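Everything numeric in this text was worked out from a predicted model, so none of it was measured.
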Amino acid sequence: MIGYIVLGFGLVLVIEGLVFALAPSRLDDLVAAMAALTKDQRRTIGLIAVALGVGLVWLARGFGI
């Protein structure tokens, strides 16, 4: 079980690192766009991201991964 948690964190770091390494100027634009959103809009985006993440984990577990 702890192996899956470490694997998940590792994959998140790889994806986040790729964003910083390959498109740093686009990241500045994204931060500016996020700052323009209201707190409720950011909260909604976060909740949607959590729901999608849970759905992907559930789907992956269904495939036996």
Side-chain angles (χ1 to χ4, degrees):
M1 180 67 173
I2 193 78
Y4 287 120
I5 294 171
V6 172
L7 176 65
F9 280 129
L11 290 172
V12 167
L13 289 174
V14 166
I15 292 168
E16 292 290 331
L18 283 173
V19 172
F20 279 101
L22 299 177
S25 62
R26 295 292 293 161
L27 189 61
D28 293 337
D29 298 338
L30 178 63
V31 170
M34 290 295 290
L37 296 174
T38 66
K39 287 182 182 180
D40 288 334
Q41 289 171 321
R42 287 182 286 198
R43 182 175 290 117
T44 301
I45 291 169
L47 290 172
I48 290 170
V50 168
L52 286 173
V54 168
L56 287 173
V57 169
W58 176 76
L59 186 65
R61 296 294 293 165
F63 285 121
I65 297 174

Just distance, no hydrogens or angles: give the donor-acceptor pairs under 3.5 Å from side chains in residues 24-38, sequence neighbours left out.
unit_1: T38; atom_1: OG1; unit_2: Q41; atom_2: N; d: 3.2
unit_1: T38; atom_1: OG1; unit_2: Q41; atom_2: OE1; d: 3.3

Which side-chain N or O atoms in residues 43-65 pair as donor and acceptor under 3.5 Å with protein atoms at least two apart or in another chain?
unit_1: R43; atom_1: NH1; unit_2: D40; atom_2: OD1; d: 3.2
unit_1: T44; atom_1: OG1; unit_2: D40; atom_2: O; d: 2.9
unit_1: R61; atom_1: NH1; unit_2: I65; atom_2: O; d: 3.4

task = If a pair satisfies salt bridge (Lys or Arg N to Asp or Glu O under 4.0 Å) and one of its residues is in residues 12-21, list it, with sequence neighbours excluded.
result = none
ask   = Hey, quick one: are V6 and V12 part of the same hydrophobic cluster, counting side-chain heavy atoms closer than 4.5 Å, chains of contacts allowed?
value = no
